[in-house]
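Following: one structure in structure tokens, then a few remarks.
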Amino acid sequence: MNRDATTTVWIGLGRLLLLMAGVWCFCACSSDSQEEAYLIRVGTGTVTVAEFKRAVEASAEEAFPGDQTIDPTALNDLRVRVLKQLSEELIIAERAKQLNIQVSDQELESAVDAVKADYPDDTFEKTLLENAISYQAWKKKIATRLLMDKVINKELVDNVQITEKDVSAYFQTHFPEGLPQDEDADQINERIVQHLRQQKAEALYQGWMDKLKAAFPVDINQKRWKRLVASKS
């Protein structure tokens, strides 16, 4: 890893999801009762067929830009990934209720402002329009991502222990000739600790999720799922 890579620090496992929130915004526009039937249910939380289709469509646009025809096998692989992602969102939301973790209005507004700040002038609103995403739907998804981030931080990231040996090994691997003279050693050390904490938390994620799945079973509407898998679009 080069020096620039060390400055890419994750505050929480959910940060990437926050940056990708626009891709996953739901737009359940259909009034068809079949479209409004649940596809995924965990506790009191659900994802409808319409919401799932929109998530797959948005994800496909990212994965296959400009592709008018997507191989059926690739499309179903994508559907499975989206199903897994949305199921985990619902599971984490149930865990948040159990832990009494919430996202305050101030936290949400700060996150929204931070994202909008990356867009000059009125390009943010234009981007939402171009992607057929309503502002409220986008904002709701930002709140979901923030909630996931808070739960993951509390359950995993904050509990990871980083030792002097971990930091020393990182320095030896990535800075064999020592730090550049223009770098602040304390800041670099802090970034490295955050980076290592993130790595260890990511390694623990799947085991943690498996335990949550046992506590919060995922109900997949098999009838609707089979129809979706059989569909070529």
Side-chain angles (χ1 to χ4, degrees), residues 13-14 16-65 67-99 101-103 128 131-152 205-233:
L13 280 172
L16 179 59
L17 299 179
L18 174 61
L19 296 175
M20 294 295 291
V23 175
W24 293 90
C25 284
F26 298 148
C27 182
C29 303
S30 173
S31 60
D32 190 325
S33 61
Q34 293 185 0
E35 294 290 290
E36 293 307 313
Y38 88 92
L39 177 66
I40 314 168
R41 181 164 55 199
V42 179
T44 59
T46 61
V47 171
T48 67
V49 172
E51 290 171 339
F52 178 79
K53 284 183 175 180
R54 174 55 188 163
V56 171
E57 178 184 341
S59 189
E61 290 173 359
E62 287 291 310
F64 309 102
D67 249 354
Q68 297 300 316
T69 303
I70 303 175
D71 177 75
T73 300
L75 180 57
N76 274 333
D77 287 345
L78 182 63
R79 285 173 176 145
V80 171
R81 291 198 299 272
V82 173
L83 186 77
K84 179 177 182 290
Q85 171 65 40
L86 297 181
S87 296
E88 291 185 0
E89 281 189 15
L90 292 177
I91 289 170
I92 293 175
E94 289 300 306
R95 179 59 173 163
K97 293 176 187 177
Q98 191 178 65
L99 296 173
I101 294 176
Q102 299 176 348
V103 174
L128 291 183
N131 289 279
I133 299 170
S134 74
Y135 177 75
Q136 289 305 318
W138 175 84
K139 188 175 180 180
K140 182 179 179 181
K141 204 58 184 177
I142 287 286
T144 298
R145 300 307 185 187
L146 284 173
L147 184 65
M148 291 179 67
D149 194 64
K150 293 182 76 170
V151 174
I152 292 170
Y205 177 85
Q206 193 55 57
W208 172 72
M209 179 53 62
D210 289 342
K211 290 181 180 179
L212 288 185
K213 286 179 180 178
F216 305 104
V218 178
D219 175 15
I220 303 296
N221 187 329
Q222 292 298 328
K223 181 179 178 180
R224 303 300 178 191
W225 175 245
K226 289 176 181 179
R227 287 184 180 179
L228 286 167
V229 172
S231 174
K232 294 182 180 180
S233 60

Item to check | Criterion side chain to side chain contact (heavy atoms under 4.5 Å, CB included) against Val151, the qualifying member of Gln98, Arg95, Glu94 | outcome: Arg95
Distance-only donor-acceptor hits, side chain of residues 210-221, under 3.5 Å, sequence neighbours excluded:
from: Asp210; atom 1: OD1; to: Gln206; atom 2: NE2; distance (Å): 3.0
from: Asp219; atom 1: OD1; to: Tyr38; atom 2: OH; distance (Å): 3.3
from: Asp219; atom 1: OD2; to: Tyr38; atom 2: OH; distance (Å): 2.9
from: Asp219; atom 1: OD2; to: Arg41; atom 2: NE; distance (Å): 3.4
from: Asp219; atom 1: OD2; to: Arg41; atom 2: NH2; distance (Å): 3.0
from: Asn221; atom 1: OD1; to: Lys223; atom 2: N; distance (Å): 3.3
from: Asn221; atom 1: OD1; to: Arg224; atom 2: N; distance (Å): 3.3
from: Asn221; atom 1: ND2; to: Tyr38; atom 2: O; distance (Å): 3.0

[X] [atom1] to [Y] [atom2] distance, which is reported to the nearest 0.5 Å:
| X | Y | atom1 | atom2 | result |
| --- | --- | --- | --- | --- |
| Gln85 | Ile40 | CD | CD1 | 10.0 Å |
| Lys150 | Leu147 | NZ | CG | 7.5 Å |
| Arg81 | Ser59 | CZ | OG | 6.5 Å |
| Gln136 | Leu128 | CD | CG | 11.0 Å |
| Asp71 | Leu78 | CG | CG | 12.0 Å |

[X] and [Y]: which non-hydrogen atoms are nearest, and at how many Å?
| X | Y | result |
| --- | --- | --- |
| Thr46 | Glu51 | O-OE1, 4.0 Å |
| Ala55 | Val82 | CB-CG1, 3.9 Å |
| Ile92 | Ile152 | CD1-CD1, 4.1 Å |

Next on the checklist: Do Lys97 and Thr44 make a side-chain contact, defined as non-hydrogen atoms from C-beta onward lying under 4.5 Å apart?
Outcome noted: yes
Checklist entry - Leu83 versus Leu39: any side-chain heavy-atom pair under 4.5 Å? => result yes
Item to check | Summary of ring pair (Phe, Tyr, Trp, His ring centres under 6.0 Å) pairs that have at least one residue in residues 74-97, sequence neighbours excluded | outcome: none
Item to check | All side chain to side chain donor-acceptor pair (under 3.5 Å) counterparts of Glu61, not counting sequence neighbours | outcome: none
Item to check | Pair Lys84 + Glu88: basic N to acidic O under 4.0 Å | outcome: yes
Next on the checklist: For a side-chain contact (heavy atoms from CB on, under 4.5 Å) check, start with the C-alpha distance between Phe64 and Leu75, then their side-chain angles and the critical distance, and finish with the verdict.
Outcome noted: CA-CA 10 Å; Phe64 309 102; Leu75 180 57; 6.0 Å; no
Checklist entry - Is a side-chain N or O of Ser231 found less than 3.5 angstrom from the main chain of Arg227, in a donor-acceptor match? => result no
